[in-house]
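What follows is a set of notes on a single structure, which appears directly below.
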Amino acid sequence: MTMNRKEAMEYNARLKKELEQAALQYGLEESAGTYIVDNYITVLPEDARKGMIFLGKDPASYKSGNVMIDFKKALVSGFEFAASISRPESIFNYIQLIIASAFFIEKSVKQELSKLEAYAVYLLYKKGAYDTAGIEEERFISELQEWYQQKEGTTVGKEDVVGAINNLYKIKAVDFNNGNIYLKEHMWGTVV
């Protein structure tokens with residue numbers, strides 16, 4: 001998920017709200033959630049870094065480039081905070097809040113893939129369709145239809161394949177250039 005500046009600001013505000021609520025649940029002040037977002041989490045708009053696609057039972061694309069958390073600084077600050085108020089048990093609540101922030105971030109950077117999208121990514125990977133070795137789009141559509149038929153025993157229409165490819169383009173997993181399709185993300189795993 002790549003965010004423009006407005007979306008990044010909106011996400012930052014949503015993340016603060018989520019962590020403020022989580023802070024209250026962990027017995028901390030609401031401001032602890034805002035403090036973590038303001039000091040240890042960075043939301044960057046329009047990051048061009050590649051994401052990672054994980055295939056398998058629940059295929060998904062992860063674009064972590066937009067949101068970064070500095071766990072080391074956040075934990076050190078938490079220990080200093082607990083020592084300063086002489087309440088060692090508060091560090092565990094603070095750590096829980098930091099972990100909760102990681103889960104909120106993970107949900108925001110995950111894009112689930114359909115089975116057909118996973119097959120498309122895997123076939124692009126098998127064909128080596130990265131930066132310099134794309135594959136002609138029409139040929140790829142035909143090959144994906146044939147391969148899907150062999151693997152699943154059912155036919156898939158051209159419009160379904162085009163829809164899957166368009167969704168992969170929308171989430172910036174693939175790109176097009178001069179009639180060729182390219183895989184932009186690194187892939188891990190295999191189709192199930």
Mind listing the closest non-hydrogen atom pair of Asn180 and Glu136 along with its distance? OD1-CA, 3.2 Å
Mind listing the closest non-hydrogen atom pair of Lys158 and Glu138 along with its distance?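 Here Lys158 and Glu138 meet closest at NZ-OE1, 3.0 Å.
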If you look only at distance, which donor and acceptor atoms sit under 3.5 Å apart when one is on a side chain in residues 21-33 and the other is two or more places apart or in another chain?
none

Gln149: what forms a side-chain contact (heavy atoms from CB on, under 4.5 Å) with it, not counting sequence neighbours? Thr155
In this structure, which one of Phe140, Tyr125, Tyr148 forms a ring pair (Phe, Tyr, Trp, His ring centres under 6.0 Å) with Tyr119?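 Only match with Tyr119 under ring pair (Phe, Tyr, Trp, His ring centres under 6.0 Å): Tyr148.
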Counterpart residues, salt bridge (Lys or Arg N to Asp or Glu O under 4.0 Å), relative to Glu143 (two or more places apart):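 So Glu143 forms a salt bridge (Lys or Arg N to Asp or Glu O under 4.0 Å) with Lys127, Arg139.
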Between [Y] and [X], is there a side-chain heavy-atom distance shorter than 4.5 Å?
{"X": "Ile171", "Y": "Leu113", "answer": "yes"}
{"X": "Ile165", "Y": "Phe176", "answer": "yes"}
{"X": "Lys16", "Y": "Asp38", "answer": "yes"}
{"X": "Leu144", "Y": "Val156", "answer": "no"}

Do Tyr182 and Val121 land in one hydrophobic cluster if side-chain heavy atoms of ILVMFWY residues count as linked below 4.5 Å?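 Unlinked, Tyr182 and Val121 end up in two clusters.
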Would you compute the distance between atom CG of Asn177 and atom CD of Glu137 and round it to the nearest 0.5 angstrom?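 So the gap between those two atoms works out to 11.5 Å.
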So CG of Leu183 and CG of Leu123: to nearest 0.5 Å the spacing works out to 10.5 Å
Report the C-alpha separation of Lys184 and Leu168 in whole Å, then their side-chain angles, then the decisive distance to 0.1 Å, and conclude whether the side chain to side chain contact (heavy atoms under 4.5 Å, CB included) test is met. CA-CA 10 Å; Lys184 290 179 61 175; Leu168 291 171; over 6 Å; no
If the condition is side-chain hydrogen bond (donor to acceptor under 3.5 Å, both in side chains), which residues does [X] pass it with, not counting sequence neighbours?
{"X": "Lys126", "answer": "none"}
{"X": "Thr34", "answer": "Glu20"}
{"X": "Asp175", "answer": "none"}

